[in-house]
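Okay, structure first, notes after.
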Amino acid sequence: MKNFSYFIKEAFSSLSSNKTVTFMTLITIVISLIVTGFIQLVSVNLVHISNQLSSNFEFNIYIKDSVADEELESVRQDILQVAMVDDAVLMTKSEAFQEFKSKMSDDPLLKGLSEEDNPFRNRFMVTVTDLNQADRVMDEIRMISEVDAISDNLETSQKLVDAREKINLYSIIIYLALALLCLSIISNIINVSIFSRRKHINIMKYVGATNWFVKTPFVIEGVLVGLFGAIFSTVLLAYGYHLIYPKIYMVMQGVFLIQPMAIFYQLLGINTVYGVCIGGLGAGFAVNKYLKV
Amino acid sequence: MLQFKNVSKTYENTNVTALENVNLDIEKGEFVFLVGHSGAGKSTLIKLITAEEKATSGEIIINDINVSKLKRKEIPYYRRTLGMVFQDFRLLDNKTVLDNVAFAMRVVGANKRQIRRRAPDVLGRVGLSQKAHFLPDQLSGGEQQRVAIARALANNPNLIIADEPTGNLDPDTSKEIMEYLEEINRSGTTIIVATHDKDIVNRMHKRVIAVDGGTIVRDDERGGYSEHEEL
């Protein structure tokens, strides 16, 4: 690659001699990456939260009253046998009654209500490994003869699953739309700088430069600006997230966001790919117009 | 070395026929003037030679290359066999004289050693060794055009095309530029000069090809500028 040092030199000298354009391109990339980075942070956290919720999502499996207490453990084993059941925790009817009573201790209606009048049933609180499959799992559990009923919160679980899929889909769509918008803005900005260098390109073409040779320094220039923009915007985003993280934790108790450091490299990686592609492609598209000599 | 066979050129967007059925033969080592009014077809003829435009019909063969059939990708490699000189010099004003010449060599893939050896040499041929490290705008118009000639020579082409090379220069400097071109021609390089400069054409007694209305109206072995071709 005897031309490599030439390309790098050209790219850097043009970066410094076209400061305004370099700066404008950089700002555009930084702003766009901050917006997309923000979307990324929101979406991964929403997915993260919905994962937490779904791993804690419990189905109540009510057991027929005819089933004796001694048989409950074997019912539990039957439930655990069902594929994708994560855990089944027993809540006996007396435990349920005690819990109820302690919660409503002040209620005058409960006065005189004794264990014999216990309206509760024995139940298992079941969690599943994959909420998407909850429907099937519950159908299978329903087949167990001792099972009386299953609390009908499948709909809620389905909503959670749908929400997660929608978040992913929408964030990809917004992401791509912003990428295209940003590409066209950057291509136009770089176009301004290339317009001032069209004489240069023209001369290169007349002395027999290949399109590839003309284009490469511009593309390297765009890639470098994209890279700087990615690093700069990631640091800004990470710093902002670092500041917001403890505040959100205070407001939404029990809900954990992804830790700032755990997401930093992912953010940096995606931003770098995005910045480099947008910068390089933007420059490439912009030069193309001037190559037809 | 240069052959036009029934070449016609019609510009698609304007539907203007710039050249019609042109036949032309230029031998290796010739010095040829291309004369004619503005709009006579001179520029189109040059653009066809440099592959900037494609002929609508006919065949153009230069240095055994069928220029009319060149693919877009092949054009850069073809252009390396030509040297080009323009009225407005077209130098890179942020590069020194030496770098302008070196640049043309770098573009075609010459290595540093080749550039170090050849660039000063071609500058010497146009008498600019002393000004190698000047920037173009520190030079006179004539000197700038000499840099352009040196650049055209850098890749050792066997055909140099000069499009109004003296158009921006005073008569004395024009004469000087033509002397350099004549000198280069003496060493075997074919030279085609498109010009309006009557004095030069009349003085040098070279082959004159006159274009008018898109056709060749005159081809004199040792001609001058005829009255009706004046501007």
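Residue numbering restarts at 1 for every chain, and letters A, B, ... go by the order of the sequence lines. Below, all heavy atoms of this structure are taken into account, side chains as well, without hydrogens, waters or symmetry copies.
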task: Taking the six-membered ring of A/Phe213 (Phe, Tyr or Trp), confirm whether the NZ or CZ of A/Lys215 is under 6.0 Å from its centre and within 45° of its axis.
output: no
Region of B/Leu91 in contact with chain A, defined by heavy-atom distances below 4.5 Å: backbone
statement: Cut-off 4.5 Å, heavy atoms of chain A, and the answer for B/Tyr78 is neither
- prompt: Hey, are B/Arg125 and B/Glu183 close enough for a salt bridge, meaning a charged N less than 4.0 Å from a carboxylate O?
  reply: no
query: What residue in B/Met84, B/Lys47, B/Arg90 has the most heavy-atom pairs under 4.5 Å with chain A?
result: B/Arg90
query: Applying the side-chain contact (heavy atoms from CB on, under 4.5 Å) test to B/Leu34, which of B/Ile216, B/Ile46, B/Val193 qualifies?
result: B/Ile46
query: Hey, is OH on A/Tyr265 packed in by over 12 heavy atoms from elsewhere, all under 6.0 Å?
result: no
